[in-house]
Amino acid sequence: MLNLATIAAAANYLRNQGTPQALLNPKPGTSAVVTALIAAEKSAKRSSTDHSLSDLNGTWKLGFITGTKKARQQAKGALGAGRFLPQFLNIRIAYEVAEPGSDRGTVCNSVTLGPLTLTLSGPIRFYPKPSVLAFDFTHAIVTMTGVEIYSGDMRGGRERAATFYDLPLKETAFFTYFAIDERYIAARGKGGGLALWTKVSSIL
């Protein structure tokens, strides 16, 4: 399908940034990527394919965003149709399943700029239909050149983590995943933004 081919081309471009393979994987146009993501989203809604949390297990690097509806309005078109993130901005999300077959686990989202890394973590829950992953960030860690300089709960994080699985989906943050591949994942956030991540490997 054309939409998946475009998404795969965007993922290949992101995976090969800064390597000799980059010349073989040109960057697709941002409008084409957004169009492909929206088409894949519509297709996923019609699909009967079931996914599980284990399909998301691993570490993924954020590479393409459109921003939330609110952010796009505030930026007044500055984001355009979407944006490939620069290579130096290292934003990664890692999912870990609590146990095989479980719909529960943990998430770690890290942002690295130079020697500084901020990592937010917390509980997750996966709803197979329509591949919605609910999450909450309840703990923060800050490191400088790999040395921890801060670690603590966020806004009553311990209590929120204890009650997370009792909350209805509408009261949590979540991503709705519509493209799940061994090389990339794509989702729409609760705020309306689209995002594309690529699987972390030795070349990232």
Side-chain angles (χ1 to χ4, degrees), residues 3-4 6-19 21-22 25 27-38 40-41 44 51 53 55-72 74-75 78-96 105-122 124 126 131-137 139-143 172-204:
N3 55 301
L4 293 181
T6 302
I7 296 171
N12 286 336
Y13 163 76
L14 291 165
R15 286 176 60 85
N16 289 291
Q17 281 180 303
T19 74
Q21 291 296 317
N25 296 275
K27 180 169 68 173
T30 54
S31 295
V33 176
V34 173
T35 298
L37 290 172
I38 293 174
E41 181 181 34
H51 289 286
L53 182 55
D55 294 326
L56 298 174
N57 210 41
T59 302
W60 310 83
K61 184 178 180 182
L62 183 62
F64 184 89
I65 61 170
T66 64
T68 64
K69 292 180 180 178
K70 181 178 180 180
R72 292 198 298 273
Q74 292 176 339
L79 271 176
R83 174 167 296 181
F84 285 94
L85 297 183
Q87 188 180 4
F88 66 81
L89 184 57
N90 195 341
I91 303 177
R92 301 186 179 199
I93 195 164
Y95 296 124
E96 183 175 354
T106 56
V107 59
C108 287
N109 193 72
S110 63
V111 180
T112 300
L113 270 176
L116 187 67
T117 297
L118 168 65
T119 301
L120 306 179
S121 61
I124 57 174
F126 188 77
S131 297
V132 173
L133 186 133
F135 64 93
D136 191 10
F137 293 131
H139 192 82
I141 295 176
V142 180
T143 60
T172 68
F174 60 80
F175 287 121
T176 302
Y177 282 95
F178 53 83
I180 300 177
D181 184 88
E182 62 181 7
R183 300 161 297 169
Y184 60 82
I185 52 177
R188 185 180 291 277
K190 186 176 183 179
L194 296 169
L196 172 67
W197 296 262
T198 54
K199 189 79 170 186
V200 169
S201 68
S202 60
I203 64 173
L204 290 177

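As a basis for the values below, the full set of heavy atoms in this structure was taken, side chains included, without hydrogen atoms, waters or symmetry mates. All of these numbers come straight from a predicted model, not from anything done at the bench.
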- Below 4.5 Å, heavy atoms only, C-beta onward: do D181 and L4 meet side chain to side chain? no

- Task: Could you tell me which non-hydrogen atom of A11 sits nearest to which non-hydrogen atom of L196, and how far apart they are?
- Result: N-CD2, 4.3 Å

- Centroid separation F126 to Y95 less than 6.0 Å: no

- Note on the structure: So CZ of R183 and CZ of R15: to nearest 0.5 Å the spacing works out to 8.5 Å

- Query: Out of curiosity, I7 CD1 to I185 CD1, how far, rounded to the nearest 0.5 Å?
  - Reply: 12.5 Å

- At what distance, to the nearest 0.5 angstrom, does CG of L14 lie from CG of L62? 9.0 Å

- For the residue pair Q17 and Q87, what are the closest heavy atoms and their distance? O-NE2, 3.2 Å

- Note on the structure: Residues passing the side chain to side chain contact (heavy atoms under 4.5 Å, CB included) test with A187, sequence neighbours excluded, are F175, Y177, W197

- Going through the distances and angles, do T119 and S110 end up as a side-chain hydrogen bond (donor to acceptor under 3.5 Å, both in side chains)? CA-CA 4 Å; T119 301; S110 63; 4.8 Å; no

- Message: If the condition is ring-ring contact (aromatic ring centres under 6.0 Å, His included), which residues does F174 pass it with, not counting sequence neighbours?
- Response: none

- Task: Supply the atom-to-atom distance N109 CG to L118 CG, rounded to the nearest 0.5 angstrom.
- Result: 8.5 Å

- Message: According to side-chain hydrogen bond (donor to acceptor under 3.5 Å, both in side chains), who are the partners of N90, at least two apart in sequence or on a separate chain?
- Response: R92

- Message: Can you give me the closest heavy-atom contact between T19 and N16, atom names plus distance?
- Response: OG1-O, 2.8 Å

- Message: Run I38 and R188 through side-chain contact (heavy atoms from CB on, under 4.5 Å) and show every step you take.
- Response: CA-CA 9 Å; I38 293 174; R188 185 180 291 277; 4.3 Å; yes

- Item | Side-chain (T66) to main-chain (L194) donor-acceptor, under 3.5 angstrom | yes

- Query: Going from OG1 on T176 to CG on L133, what distance comes out if it is rounded to the nearest 0.5 angstrom?
  - Reply: 9.5 Å

- Task: Look up atom CD1 in I124 and atom OG1 in T106, then write down how far apart they are to the nearest 0.5 Å.
- Result: 6.0 Å

- Task: Check ring-ring contact (aromatic ring centres under 6.0 Å, His included) between F137 and all other residues, then give those that pass, not counting sequence neighbours.
- Result: F135

- Among all residues two or more places apart in sequence or in another chain, which pass the ring-ring contact (aromatic ring centres under 6.0 Å, His included) test with Y184? none

Indicate every side-chain donor-acceptor pair of residues 27-34 with a distance under 3.5 Å to a residue at least two apart or in another chain.
none

- Task: For H51 and I180, work out which heavy atoms get closest and say how close.
- Result: CG-CD1, 3.6 Å

